[in-house]
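Computed over heavy atoms, backbone and side chain alike; hydrogens, waters and symmetry mates excluded. Count residues from 1 along the sequence.
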Amino acid sequence: MFTTTSRPDGLAKPKENQRNSRRSFLKYGSASLAAAGVVFSGCKELEDLIPKPPKDKPKMVSLGSGDIGILNYAYTLEQLEAAFYEMVMLKPYGGMTFEEALILEDLKRHEVIHREFYQKVLGKDGIPALEFDFSGIDFSSRHSVLSTARTFEDLGVAAYNGAGQLLESPDLLLIAGKIVSVEARHAAAIKSVFDTDPTAFAGDDVIDENGLGQALSTKTVLASAAAFIKTEIDGSDLPKA
């Protein structure tokens with residue numbers, strides 16, 4: 001459970017300036033996501049079209065084509081991240097500090113919001129709830145959890161960067177831009193408590209020689225995520241760059 005230091009509730013209290021800066025950092029991400037929903041606020045039918053998972057799980061789930069396919073692609077990743085953080089906070093790893101708990105809880109909340117947002121926007125065109133395989137993650141280990149979180153967040157940013165150009169709707173591109181900014185804040189927050197190497201915060205693994213964030217193809221991202229997803233995903237109809 002959480003590390004016990006100076007607080008009677010068993011949580012190690014971080015320095016006030018560190019806690020406030022990181023909480024403010026993530027809070028801006030929440031505001032961006034809330035603003036994104038304005039684009040769809042006038043669509044009453046979105047509230048009535050929340051998809052229900054089928055009784056019989058299909059052997060393969062097709063993401064579809066066009067903008068719907070890209071939204072389902074993003075929905076796949078948001079389902080993965082939300083499920084991961086829900087598992088993390090269900091039983092926190094030993095030695096989790098108060099600061100780490102604050103960050104991970106915020107990340108969980110954001111990813112659940114993202115997941116539910118795509119579910120509502122996609123309606124009947126959305127893919128079903130996916131099944132995941134986290135057997136390769138040791139949720140009792142700080143290193144295992146935080147290294148996986150870093151991988152997922154970096155992958156999410158690169159996925160949005162690569163898929164943005166494939167969207168035809170400018171409204172959807174605006175939404176994607178706001179969500180990827182939240183994902184980038186997540187990646188930075190994880191790195192701030194996990195990486196001891198200062199160059200890892202924005203190193204060559206995520207930033208190219210032009211100072212731009214890494215962008216990955218849908219094929220590459222789905223192949224990387226497949227190790228954690230039990231449901232077989234078919235992205236063959238997704239738009240190509």
When rounded to the nearest 0.5 angstrom, what distance separates [atom1] in [X] from [atom2] in [Y]?
X      : Y      : atom1 : atom2 : result
His186 : Ser181 : NE2   : OG    : 9.5 Å
Ile175 : Asp171 : CD1   : CG    : 7.5 Å
Leu107 : Leu102 : CG    : CG    : 11.5 Å
Asp106 : Ile103 : CG    : CD1   : 8.0 Å

Got a sec, which residues hit side chain to side chain contact (heavy atoms under 4.5 Å, CB included) with [X], two or more places apart in sequence or on another chain?
X      : value
Ile68  : Asn72, Leu122, Asp125
Ser236 : Asp234
Leu90  : none
Val221 : Tyr73, Leu77, Leu155, Ala159, Leu216

So, for [X] and [Y], which heavy atoms are closest and what is the spacing to 0.1 Å?
X      : Y      : value
Gly235 : Leu63  : CA-CD1, 4.2 Å
Ala176 : Leu167 : CB-CD1, 4.1 Å
Leu130 : Gln79  : N-OE1, 2.9 Å
Ala163 : Ile70  : CB-CG2, 4.2 Å
Ser141 : Ser144 : OG-N, 3.1 Å
Glu131 : Thr231 : N-OG1, 3.0 Å

Just wondering, do [Y] and [X] contact through their side chains at under 4.5 Å, heavy atoms?
X      : Y      : result
Glu153 : Glu111 : yes
Leu238 : Leu166 : no
Val157 : Val180 : yes
Arg150 : Asp195 : yes
Arg142 : Glu100 : yes

From CA spacing to verdict: side chain to side chain contact (heavy atoms under 4.5 Å, CB included), Val88, Lys108: CA-CA 9 Å; Val88 169; Lys108 183 195 79 170; over 6 Å; no
Candidate pair Phe134 and Thr148, rule side chain to side chain contact (heavy atoms under 4.5 Å, CB included), full reasoning: CA-CA 10 Å; Phe134 295 133; Thr148 303; over 6 Å; no
Set of residues satisfying ring pair (Phe, Tyr, Trp, His ring centres under 6.0 Å) with respect to Phe194, sequence neighbours excluded: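 Ring pair (Phe, Tyr, Trp, His ring centres under 6.0 Å) list for Phe194, sorted by chain: His143.
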Ring pair (Phe, Tyr, Trp, His ring centres under 6.0 Å): pairs with one or both residues in residues 147-179, sequence neighbours excluded: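 Those involving residues 147-179 are Phe84-Phe152, Phe152-Phe228.
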Derivation of the side chain to side chain contact (heavy atoms under 4.5 Å, CB included) call for Tyr85 and Val112: CA-CA 9 Å; Tyr85 287 115; Val112 169; over 6 Å; no
Chi angles and distances behind the side chain to side chain contact (heavy atoms under 4.5 Å, CB included) call for Lys191, Asp154: CA-CA 10 Å; Lys191 290 174 188 293; Asp154 283 345; 3.1 Å; yes
Residues Asp133 and Ser135: side-chain donor-acceptor under 3.5 angstrom: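 Distance-only check passes for Asp133 and Ser135.
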Sidechain-backbone polar pair: Asp67 side chain, Ser169 backbone, donor-acceptor under 3.5 Å: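 Yes; at least one donor-acceptor contact below 3.5 Å.
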For Arg115, the option from Glu86, Glu81, Glu78 that meets salt bridge (Lys or Arg N to Asp or Glu O under 4.0 Å):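 Considering Glu86, Glu81, Glu78, a salt bridge (Lys or Arg N to Asp or Glu O under 4.0 Å) with Arg115 is found only for Glu86.
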